[in-house]
Amino acid sequence: MAQLWGGRFTKETDQLVYDFNASIRFDKRLFQQDVEGSLAHVSMLAKQGILTEAEKDAITKGLQSILADVEAGKLVIDYKYEDIHSFVEANLIDRIGDAGKKLHTGRSRNDQVALDMRLYTRQKVQEMDALLRRLMEVILKTMEENLETYMPGFTHLQKAQPVTLAHHYGAYFEMFKRDRLRMKDIFERMNYCPLGAGALAGTTYPLDREETARLLGFYGPTLNSMDSVSDRDYLIEFLAALSTVMMHLSRFSEEIIVWNSNEYQFVELDDAYSTGSSIMPQKKNPDIAELVRGKTGRVYGALMSLLTTMKGIPLAYNKDMQEDKEMAFDAMDTVANCLILFTGMISTMKFHKDRMAVSAMKGFTNATDLADYLVTKGVPFRDAHGIVGRIVLACIDQGISIEEMPLKELKEYSECFENDVYEAISLKTCVEKRNTIGGPGIIAMKQEIASCEEYLNTHPNL
Ligand code: ARG
């Protein structure tokens, strides 16, 4: 046991209590942020005349040597310390003696951990934004290459109307764009510095909170010291945004699993991104997509866990808040890995474009267009809908698609059918006539792609 307190106590802490209370096993992740925060704190203390220049130099050198030694593997983060803050401070005192004891002047572990967690989360928000942007580049490339790759669009997982692969992928581009907007939003709201809030009520030392905020790259200091030490909203917002990212990845994965099935065969996963079966030699399984879908649950779990932890906590800091870390860290790792693997999987996946087109042709996806054709010949839409319904029934009976029915037979359903009907209901026409903003037609899609490109060009990584 190695702890920062003890003066007030007459007995040793019970070992089980000590272990239950300690957080170093998981908050060692905050090591770099902890040192970074201390460096800024010390530099401000000297500027304010609270520490001498000599004390500042000794502490700074000491902290930098601890940072370098841990990074080089020369100093191991030892679990005998209660938390990462104690580890750094104890090592500093070991290295530089009494000056090290002044590091914690005007600071509490409450504002220290609030700062460390915020610095760590801010970096993860930026990393997640970059990973999302990379995924969107891959999606956009597929869109650009597949403006005329026809496939069925579904509702209720039943073939509905033909679309293109570019159009289908464009839907995911929009989802991930919203995810990036959420990252930006969170960044803007969270980028204020809690350091200097002390335990809860600030401090009597003349700290310059503007200065530490500036040194650490924040927009400014947070405004209320009690809120500063007890706010984890930014982390909840991040976990909510990550949950939404996973929901999107999971839906996309589900589609890829379906498309990769023997029945569909719309896509083939690269060997590097699929796995075999130990018993069935014919198998090539979409495990990566399944795992991404499966891991969604644990990310939602982290969000629920933190919301629940925070809901009953009175102001200001309470130890419950130590529970903000383990599941949040797990969620951050999980989402980053999922984004990396998913991007790799879809950038190496092959499309069976012929099978997609045949599937679009076979499922009466042009039935609406046939009804629209009758409308152009003066038939009211509701009547046209009925006529086409009867034609579809006859086609199902005969095992043919609409365009395989001869004109003579079509005319039995309506005199309005002419030879131009076949052109009007071809897959190409069905798609290419849909050029309202956001539609799958080539003109509309070229505009959409231009906006996607413009978006990526004007939205660099956070
Ligand atoms: N390990 C604690 C946490 O993660 C650090 C803050 C401890 N503060 C305290 N007063 N016990 O929340």
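Each ligand, and each atom within it, is numbered from 1 in the order the structure gives.
Under 4.0 angstrom from ligand 1, there are no non-hydrogen atoms of Glu82.
One side chain, Thr275 or Asp287, offers a donor N or O that lies under 3.5 Å from an acceptor on the other. Side chains of Arg214 and Tyr219: a donor-acceptor N/O pair is absent below 3.5 angstrom, by distance only.
Note: Trp259 and His168 have perpendicular aromatic rings, judged against thresholds of 30 and 60 degrees for the angle between ring planes. Ring planes of Phe252 and Phe342: tilted class, angle from 30 to 60°.
Heavy-atom contacts from other residues, nucleotides or ligands closer than 6.0 Å to NZ of Lys446 number 12 or fewer.
Closest protein heavy atom to atom 11 (N) of ligand 1: Arg109 NH2, 3.9 Å. What sits closest to atom 9 (C) of ligand 1 on the protein, heavy atoms only, is Asn110 OD1, 3.5 Å. For atom 7 (C) of ligand 1, the closest non-hydrogen atom of the protein is Tyr317 OH, 3.6 Å.
Taking distance alone, with nitrogen or oxygen atoms compared against 3.5 Å, His85 stays at or beyond that limit from ligand 1.
With distances taken over non-hydrogen atoms, the option nearest atom 5 (C) of ligand 1 out of Ile24, Val113, Ile84 is Val113.
We find that Arg133 and Asp129 are not joined by a salt bridge, their nearest charged nitrogen and carboxylate oxygen being 4.0 Å or further apart.
Ligand-side atoms of ligand 1 in range of Lys325: 3 (C), 4 (O), 12 (O), range being under 4.0 angstrom from any heavy atom. Short contacts between ligand 1 and Gln322, defined as distances under 4.0 Å to a heavy atom of the residue, involve ligand atoms 1 (N), 2 (C), 3 (C), 4 (O), 12 (O).
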